[in-house]
Amino acid sequence: MQFSAIRPKLLRTINVATATTSSSPHHPSSATTSKRAAEQRCLALFQDHTCNTFPKLAQTHTHILKLGLHNNPLVLTKFASTSSDLDAIDYASSFIFSPDADTRLYDTFLFNTIIRAYAQTSQSKERALYFYNVMLDYGVWANKFTYPFVLKACAGLRVLSLGQSLHGSVVKLGFDDDAHVQNTMVHMYSSCSGGIEFARKVFDGMPKSDSVSWSALIGGYVRLGWSTDAIGLFRKMQMVGVRPDEITMVLVLSACTDLGALELGKWVESYIEKERVQKNVELCNALIDMFAKCGDVDKALKLFRNMSERTIVSWTSVIGGLAMHGRGFEAVSLFEEMIGAGVAPDDVAFIGLLSACSHSGLVEKGRKHFDSMTKEFKIVPRIEHYGCMVDMLCRAGHVKEALEFVKKMPIKPNPIVLRTLISACHAHGELKIGENITKQLIRNEPMHESNYVLLSNIYAKMSHWDKKTKIREVMDKKGMTKTPGSTMIELDNEIYEFVAGDKSQRQYKEIYEMVEEMGRELKGAGYAPTTSEVLLDIDEEDKEDALNRHSEKLAIAFALLNTPPGTPIRIVKNLRVCNDCHAATKFISRIYNREIVVRDRNRFHHFREGFCSCKDFW
DNA sequence: TTAGGGTTAG
């Protein structure tokens with residue numbers, strides 16, 4: 001951890017502070033005011049909530065100097081705690097730690113105030129820890145209030161070794177029996193990579209746990225993607241009689257969202273109603289996100305319309321939800337409604353909007369809003385925004401323009417952008433360009449499996465069969481492991497997970513018979529398997545067999561066997577749905593007269609009567 | 001005169 005880099009910045013702000021003071025006139029009346037009254041006047045300045053921005057704070061600073069209170073501890077600490085934006089906090093601390101400051105005034109409360117200010121701001125966790133070190137350097141003792149701040153900062157940085165050393169200090173000073181400190185320790189460990197076992201250990205050793213302790217642990221499980229276990233923890237929490245609150249419910253909903261478990265999500269919603277958990281904005285946002293990502297975007301929209309108070313997250317969740325379901329027009333008009341309502345869009349809202357334009361082929365709208373993002377809203381585009389634009393141009397078939405766009409981008413394209421370009425080159429016949437980009441990408445990312453799949457597809461299209469065969473050998477030689485595709489389906493409050501060629505289900509014989517039957521019906525209806533999707537070096541018949549064992553097809557067969565005719569089927573795939581499964585699912589929706597909703601890694605596909613809502617662009 | 005867990009995208 002590098003803390004030394006912070007000093008020069010502080011010194012620079014000190015110069016700014018001095019310049020501001022010397023240029024301002026000195027009022028003789030201030031000098032005659034009694035010290036006590038000056039202090040009161042100064043503290044009153046901080047009651048004004050508009051004073052927490054940098055320019056306002058600088059103005060306040062001038063006043064402080066005028067009143068001769070630059071070394072008053074009350075004023076100093078109030079000064080630091082008022083700040084809420086990073087520049088302002090830096091400014092305040094540069095003032096407090098200026099070379100002429102009276103170091104005898106430094107106490108635990110003063111440091112706690114500064115550490116808290118930095119720990120609460122997302123980009124300044126390092127500075128919180130830096131000032132913790134400064135505090136120790138000055139020989140000022142940390143108390144039980146210091147550690148929740150410091151541990152929180154460490155959680156944000158996700159550095160396990162640092163957290164362990166703080167844990168050591170906590171034990172040494174005897175604060176490890178304090179409930180707040182214990183809960184923050186669970187949170188810290190559960191946020192650090194590789195720390196979940198430690199979090200569990202602290203949690204298990206706690207004499208008493210409350211909803212905060214459970215939420216800290218459940219949150220860790222959710223962050224790791226251990227959603228099923230997170231739900232399991234929630235059930236256990238109920239069993240031991242700890243009442244969940246709105247934050248616990250946000251986390252539980254987040255786990256449902258990850259699993260795509262709509263029925264479970266609905267149950268959680270009714271639980272919230274039944275238990276009268278306070279439905280604040282954040283909980284409503286989590287509900288909206290859950291419904292949108294579990295396939296019921298209309299319900300998400302309804303909840304959104306009924307909200308009395310909305311934040312940018314509410315708008316973004318529902319806009320992103322519509323985009324994901326291919327309802328780009330509605331997403332764009334909701335975005336425009338948001339601006340009309342006076343809510344300023346942020347960078348995330350623009351990602352939702354641009355991805356809506358991309359998924360629905362709204363190229364002109366996309367260009368217009370991308371332009372307004374930089375010019376009107378002064379948001380600097382990140383690689384994700386450029387990525388959306390490239391994706392949008394590629395889907396619309398403007399491959400040449402997309403290539404030009406990438407060349408002109410002020411930032412280096414990341415592998416995601418390059419893969420988008422390569423897929424477009426493959427789809428629109430720019431094979432040579434696609435091959436070159438892929439080779440370059442493989443040099444940068446030699447262990448990324450999908451780069452080889454892309455190259456293999458390009459060679460197949462170029463009819464370079466020998467080169468295509470070689471790719472498999474290269475992959476084997478490098479010992480690359482493929483992320484196994486898996487599909488989940490929810491049935492009677494249980495979640496079933498399938499992987500390719502799965503035989504772990506009790507029903508597996510019937511499932512494979514059903515897959516066979518589906519295959520016969522599909523062929524009769526004119527479906528031809530897309531065997532070029534299969535990377536393995538095997539003959540055509542075996543390839544067909546490999547496709548039939550894809551996890552999506554197994555899950556659909558399972559659903560056809562276990563649900564009444566005519567009921568919709570909802571499945572969740574961990575990767576992008578493959579070409580062949582997409583084509584097959586269209587046929588299945590018609591032949592078996594089922595609406596099939598597929599959530600893949602990127603978006604939703606609604607299959608109905610032989611068609612998909614994505615109009616074959618995904 | 002200070003304290004703990006949460007939501008959008010990638």
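Chain letters run A, B, ... following the sequence lines, proteins first, then strands; residues in each count from 1.
In the region residues 227-242 of chain A, proximity to DNA chain B at under 4.0 angstrom, judged on heavy atoms, holds for none of the residues. Within residues 278-287 of chain A, the residues having any heavy atom under 4.0 Å from DNA chain B are, by residue number, A:Asn280, A:Glu282, A:Leu283, A:Asn285. Using a 4.0 Å cut-off on heavy atoms, the residues of residues 305-338 of chain A that approach DNA chain B are A:Val313, A:Thr316, A:Ser317, listed by number. Of the residues in residues 342-358 of chain A, those with a non-hydrogen atom less than 4.0 angstrom from any atom of DNA chain B are A:Val348, A:Ile351. Applying a 4.0 Å cut-off to non-hydrogen atoms, the residues of residues 214-225 of chain A that approach DNA chain B are A:Ser215, A:Arg223, listed by residue number.
Within 4.0 Å (heavy atoms only), A:Asp289 reaches sugar-phosphate atoms of the nucleic acid but no base atom. A:Lys144 comes within contact range of at least one nucleobase, with a heavy-atom separation under 4.0 Å. Residue-level contact check: A:Thr248 touches the bases, meaning some heavy atom is under 4.0 Å from a base atom.
Between the side chains of A:Thr248 and A:Ser215, at least one donor N or O sits under 3.5 Å from an acceptor N or O. For the residue pair A:Tyr221 / A:Arg200, a side-chain donor-acceptor distance below 3.5 Å is found, with atom types taken as modelled. There is a side-chain donor-acceptor pair under 3.5 Å between A:Asn451 and A:Arg419.
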Take A:His180 and A:Phe145, measure what ring pair (Phe, Tyr, Trp, His ring centres under 6.0 Å) needs, and give me the verdict at the end.
-> CA-CA 9 Å; A:His180 284 98; A:Phe145 299 113; 8.5 Å; no
What do the steps show when you test A:Phe335 against A:Phe350 for ring pair (Phe, Tyr, Trp, His ring centres under 6.0 Å), and what is the final call?
-> CA-CA 9 Å; A:Phe335 181 86; A:Phe350 270 103; 5.2 Å; yes
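Under the rule for a side chain to side chain contact (heavy atoms under 4.5 Å, CB included), the partners of A:Ser190 that lie at least two apart in sequence or sit in another chain are A:Ile196, A:Ala199, A:Arg223. Every residue meeting the ring-ring contact (aromatic ring centres under 6.0 Å, His included) condition with A:His325, not counting sequence neighbours, appears here in chain and number order: A:Phe604, A:His606. Contacts of A:Phe149 classified as ring-ring contact (aromatic ring centres under 6.0 Å, His included), with partners at least two apart in sequence or in another chain: none.
Here the P atom of nucleotide B:dG10 and the CZ atom of A:Arg603 are 13 Å apart, to the nearest Å. Summarising the geometry, the separation between CD1 on A:Ile196 and C1' on B:dG5 is reported as 13 Å, rounded to the nearest angstrom. B:dT7 atom C1' lies 9 Å from atom NZ of A:Lys293, rounded to whole Å. Atom CZ of A:Phe370 and atom P of B:dA9 are 20 Å apart (whole Å). Spacing between atom NE2 of A:His359 and atom C1' of B:dA9 amounts to 12 Å, rounded to whole angstrom units. The CZ atom of A:Phe175 sits 13 Å away from the C1' atom of B:dT2 (whole-angstrom rounding). What separates CD1 of A:Ile416 from P of B:dG10 is a distance of 9 Å, to the nearest Å. Across the protein-nucleic acid pair, A:Phe145 atom CZ and B:dT1 atom C1' stand 8 Å apart, rounded to whole Å.
For A:Val250, the side-chain atoms get nearest to B:dG6 when compared with the rest of B:dG5, B:dG6, B:dT2. Distances from the side chain of A:Phe149 to the nucleotides B:dG6, B:dA3, B:dT2 place B:dA3 closest. When distances are taken from the side chain of A:Leu251 to each of B:dG6, B:dT1, B:dA3, the shortest belongs to B:dG6.
A tilted orientation is assigned to the rings of A:Tyr147 and A:Phe175, their planes being inclined by 30° to 60°. Ring orientation note: the planes of A:Tyr118 and A:Phe131 are close to parallel, at an angle under 30° on the 30°/60° scale.
The shortest distance between the side-chain N/O atoms of A:Arg382 and the OP1/OP2 oxygens of B:dA9 is not below 4.0 Å. Proximity of A:His180 to the phosphate of B:dT2: no side-chain N or O atom is located under 4.0 Å from OP1 or OP2.
Smallest separation of non-hydrogen atoms from A:Leu393 and A:Arg367: CD2-NH1, 3.9 Å. The nearest pair of heavy atoms linking A:Leu575 to A:Asp600 is O-CB, 3.3 Å.
Every pair passing salt bridge (Lys or Arg N to Asp or Glu O under 4.0 Å) that includes a residue from residues 250-270 of chain A is listed here, sequence neighbours excluded: A:Glu263-A:Lys266, A:Glu269-A:Lys299. Applying the side chain to side chain donor-acceptor pair (under 3.5 Å) test to residues at least two apart or on different chains, the pairs with a partner in residues 330-344 of chain A are A:Arg305-A:Glu337, A:Arg327-A:Glu330, A:Glu336-A:Lys365, A:Glu336-A:His369. Under the ring pair (Phe, Tyr, Trp, His ring centres under 6.0 Å) criterion, no residue pair touches residues 276-296 of chain A, with sequence neighbours excluded. Within the structure, side chain to side chain donor-acceptor pair (under 3.5 Å) contacts touching residues 340-356 of chain A (residues at least two apart or in different chains) are A:Asp347-A:Arg382.
In this structure the side chain of A:Pro148 never reaches within 4.5 angstrom of the side chain of A:Lys152, judged on heavy atoms.
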